[in-house]
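The structure appears right after this line, and notes come after that.
When reading the values below, keep in mind they use all heavy atoms of this one structure, side chains included, and skip hydrogens, waters and symmetry mates. No experiment lies behind these values; they were computed from the predicted model shown.
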Amino acid sequence: MEELRTRLERVKAYPASAKATHAQGRVIVQVRVQGDGRLLNPVIEESSGYSILDQAAVKALRAASPLRLEHGLGEGSVVMLVPLNYQLE
């Protein structure tokens with residue numbers, strides 16, 4: 001889902017406290033995409049091992065909502081697993 005990836009890159013922030021402690025990892029978040037593009041019920045499916053990064057991932061998904069869907073889902077919804085990587089360069 002290109003729209004989701006683009007939105008996440010714009011809103012995803014690396015927490016300063018995580019940078020300061022060199023915390024890195026990948027968070028996998030389960031989220032429901034509603035027919036109108038809203039992202040609902042983000043739940044950590046796989047933790048990064050750092051609660052600050054896990055919280056940042058959930059916050060990013062909330063901030064990315066709603067999405068502009070090219071192909072509407074009508075009254076339905078889709079559950080997705082969304083990986084977010086936090087890596088220091």
Original post:
So, T21 side chain and S17 main chain: donor-acceptor pair closer than 3.5 Å or not?
Top reply: yes
Original post:
Of the non-hydrogen atoms in A13 and A56, which two are nearest, and what is the gap between them?
Top reply: O-CB, 4.0 Å
**OP:** Measure the shortest side-chain to side-chain distance between V29 and L81 over non-hydrogen atoms and say whether it is less than 4.5 angstrom.
**Re:** no
**OP:** Report whether L88 and L84 are members of the same hydrophobic cluster (ILVMFWY, side-chain heavy atoms less than 4.5 Å apart, transitive linking).
**Re:** yes
Original post:
Applying the 4.5 Å side-chain criterion to the ILVMFWY set and letting contacts propagate, would V31 and V43 be lumped into a single cluster?
Top reply: no
Original post:
Between S47 and D54, which heavy-atom pair has the shortest distance, and what is it?
Top reply: OG-OD2, 2.6 Å
Subject >> Common cluster, L40/L67, ILVMFWY with side-chain heavy-atom separation under 4.5 Å >> reply: no
Subject >> Close side-chain approach of L8 to V82, heavy-atom, < 4.5 Å >> reply: yes
Original post:
Judged by modelled atom types alone, do R32 and S77 share a side-chain donor-acceptor pair under 3.5 Å?
Top reply: yes
Subject >> Shortest non-hydrogen contact from Y50 toward Q24 >> reply: CE1-O, 3.3 Å
Subject >> Transitive ILVMFWY side-chain link Y14 to I44, under 4.5 Å >> reply: yes
Subject >> From K59 atom NZ to I52 atom CD1, the distance as rounded to the nearest 0.5 Å >> reply: 9.0 Å
Original post:
Any salt bridge between R7 and E3, counting N to O under 4.0 Å?
Top reply: yes
**OP:** Taking all non-hydrogen atoms of both residues into account, name the closest pair between L53 and P15 and its distance.
**Re:** CD2-CD, 4.0 Å
**OP:** Answer whether the closest heavy-atom distance between the side chains of V33 and V79 falls below 4.5 Å.
**Re:** no
Original post:
Under a 4.5 Å side-chain heavy-atom rule over Ile, Leu, Val, Met, Phe, Trp and Tyr, are L4 and V58 clustered together?
Top reply: yes
Subject >> Sub-4.5 Å side-chain heavy-atom contact between P42 and Q30 >> reply: no
Original post:
Is K12 close enough and on-axis enough to Y86, meaning under 6.0 Å and within 45°, for cation-pi?
Top reply: yes
